[in-house]
Student: 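This is the structure, below, for whatever I ask next.
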Amino acid sequence: MDIFQKYDIIVVGGGHAGCEAAAAAAKQGSKTLLVSQDLSALARLSCNPSIGGIAKGQIVREIDALGGFTGVVADRSMIQFRMLNRSKGPAMWSPRTQNDRVLYSIEWRSILEGIDNLDLWRDEVIGIEVENNKIASLQTKLGLTIKARAVVITAGTFLDGKIYIGQHIVEGGRIGEPAAKGLTSQLKNYGIVSDKLKTGTPVRVDGRSIDFSVLIEQPGDEQPAKFSFGNTEPLKEQRSCWLAYTNEYVHDILRTGFDLSPLFTGVIHGTGPRYCPSIEDKIERFSDKNKHQLFVEPEGWNTYEYYINGFSSSLPLDVQYKALKSIPGFENAIIMQPGYAIEYDYFPPTQLHPDLMSKKIENLFFAGQVNGTTGY
């Protein structure tokens, strides 16, 4: 007996692209299945706990206008709202929310569970089956074969993901979460080309160990707006972000780890997103700068964890820690999570039609960071 009926659409991966794809398909009447390794981490804010900003803020509002949910969830989970680029013309204004990381995923799951025609399944997809050059089904790690008329792959950074902290390497799609193995090699058997990209994330710090008196407060807007054009509630209370700065002494400490950095030793082969460089990238590429700005961002309403935006690094942890403690305000810092780089498989989008369907396999689509974008 088949456990599953044949689905119209199966979405592989529960990140932002996967959640939006599954919601859009189901709302238009297609019987849809969303497969994710962890249903408690749907649309997890893997890197900084924020939505929008320059360019991305406009995209979020376009998604909302088309009936998507990123803006709705951002509004329901935001802890701060700022309209960036106010000093420029309205065409340059960019909405940005600081969000509660945990609440964001909870809100997304609540929305998905309320959509008719949409089923959720906790598993890992390890392969596909093709008949007459057309997608027919997929296989999962739990030994299931699930038939589908179309499949959308939105695997983010999980395909053969490797995490780098100096010379220490572990497999993973995010720290503490397993990589997805096997799907890339199976897709390559069908003539689909893959390559490597890298991205990174900074240390998380216990806010009780930060001296905020020497940082620059960055409050939200006095009259906070929102993303969605719908009836989401405006924000009535906000949490502040803060500004800090590196200095030449911090840069000198970071340079002591460059000979152990996977970015500089050739261990990581993938290129990184243009507008999201690591701190070691910035020191190397902008050697004339004697300081770099850091944004100290709260992770939620009910946590003392802070995200150090701008301090992304793959350097050895002892170097990261020593450099962090040399930043004014962080002399007594306690780290809750290390910074790291992650290298993962992606599929160059030149292999896709304008609708994101594969040129090799009919009704196989690729969306999100697996196409080489910078993610949410």
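Keep in mind that what you see is a predicted model, and the values were worked out from it rather than measured.
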Student: When you compare the side chains of D281 and S278, does any donor N or O come within less than 3.5 Å of an acceptor on the partner?
Tutor: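 A pair is found: one side chain offers a donor N or O, the other an acceptor, under 3.5 Å apart.
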Student: With no hydrogens and no angle check, do the side chains of T350 and K359 hold a donor and an acceptor under 3.5 Å apart?
Tutor: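 No pair is found: no donor N or O on one side chain lies under 3.5 Å from an acceptor on the other.
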Student: Any non-hydrogen side-chain atom of F311 less than 4.5 Å from a side-chain atom of H292?
Tutor: no
Student: Working to the nearest 0.5 Å, report the span between CG of D119 and CG of L112.
Tutor: 11.5 Å
Student: Are more than 12 heavy atoms from other residues, nucleotides or ligands located less than 6.0 Å from atom CG of N189?
Tutor: yes
Student: Any non-hydrogen side-chain atom of Y346 less than 4.5 Å from a side-chain atom of L159?
Tutor: no
Student: Return yes if some donor-acceptor pair links the side-chain N/O of N85 with the main-chain N/O of K88 below 3.5 Å, else return no.
Tutor: no
Student: If we ignore angles and hydrogens, is there a donor and acceptor under 3.5 Å between the side chains of E297 and N309?
Tutor: yes
Student: Is it the case that the side chains of T373 and N371 hold a donor-acceptor pair, with the cut-off being a distance below 3.5 Å and no angle test?
Tutor: no
Student: Indicate whether the side chain of E177 and that of Q37 have a donor and an acceptor atom separated by less than 3.5 Å.
Tutor: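 No donor-acceptor contact under 3.5 Å links the two side chains.
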Student: Hey, can you tell me if F212 and Y306 have their rings parallel, tilted or perpendicular (30° and 60° cut-offs)?
Tutor: tilted
Student: Please check if the number of heavy atoms outside E217 that lie under 6.0 Å from its CD is greater than 12.
Tutor: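 More than 12 within 6.0 Å, yes.
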Student: Can you confirm whether the side chains of N99 and S77 place a donor and an acceptor under 3.5 Å from each other?
Tutor: yes
Student: Aromatic rings F81 and F227: how do their planes relate, parallel, tilted or perpendicular, breaks at 30° and 60°?
Tutor: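 Perpendicular: the ring planes of F81 and F227 meet at over 60°.
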Student: Tell me, which pairs form a side-chain hydrogen bond (donor to acceptor under 3.5 Å, both in side chains) where one or both residues lie in residues 315-331, sequence neighbours left out?
Tutor: none
Student: Indicate yes or no: at least one non-hydrogen side-chain atom of I135 is less than 4.5 angstrom from one of I128.
Tutor: yes
Student: Measure the spacing between CD1 of I10 and OG of S30 and express it to the nearest 0.5 Å.
Tutor: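 Answer rounded to 0.5 Å: 12.0 Å.
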Student: Strictly by modelled atom types, are D345 and T184 linked by a side-chain donor-acceptor pair under 3.5 Å?
Tutor: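 Yes.
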Student: In terms of side-chain heavy atoms, does T246 have a donor or acceptor partner in K291 at a distance below 3.5 Å?
Tutor: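 On atom types as modelled, these side chains do not qualify, holding no pair under 3.5 Å.
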Student: If you define the side chain from C-beta out and look only at heavy atoms, does anything of L243 sit under 4.5 Å from V296?
Tutor: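 Not touching, per the 4.5 Å side-chain cut-off.
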Student: Could you check whether S46 and R174, counting side-chain N and O atoms only, form a donor-acceptor pair closer than 3.5 Å?
Tutor: yes
Student: Under 3.5 Å, is there a donor on one side chain and an acceptor on the other for E280 and S313?
Tutor: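 The criterion, which ignores hydrogens and geometry beyond distance, is satisfied for S313 and E280.
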Student: Which is it for Y340 and Y164 under the side-chain contact (heavy atoms from CB on, under 4.5 Å) test, yes or no, and what are the steps along the way?
Tutor: CA-CA 6 Å; Y340 60 88; Y164 296 83; over 6 Å; no
Student: Compute whether any side-chain donor of one residue and acceptor of the other, for E299 and Y307, lie under 3.5 angstrom apart.
Tutor: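 No, Y307 and E299 have no side-chain donor paired with an acceptor closer than 3.5 Å.
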Student: Is it the case that the side chain of R204 and the backbone of P202 share a donor-acceptor pair, with hydrogens and angles ignored and the cut-off at 3.5 Å?
Tutor: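 Side chain of R204 to backbone of P202, a donor-acceptor pair under 3.5 Å: yes, one is there.
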Student: Any luck finding a side-chain donor-acceptor pair between S50 and Q98 under 3.5 Å?
Tutor: no
Student: Any chance CG of D288 has more than 12 other-residue heavy atoms, nucleotides or ligands included, within less than 6.0 Å?
Tutor: yes
Student: Does the gap between the ring centers of H353 and F365 come in under 6.0 Å?
Tutor: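 Centroid separation for H353 and F365: 6.0 Å or greater.
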Student: Should we say atom NZ of K181 is surrounded by more than 12 heavy atoms from elsewhere, each under 6.0 Å from it?
Tutor: yes
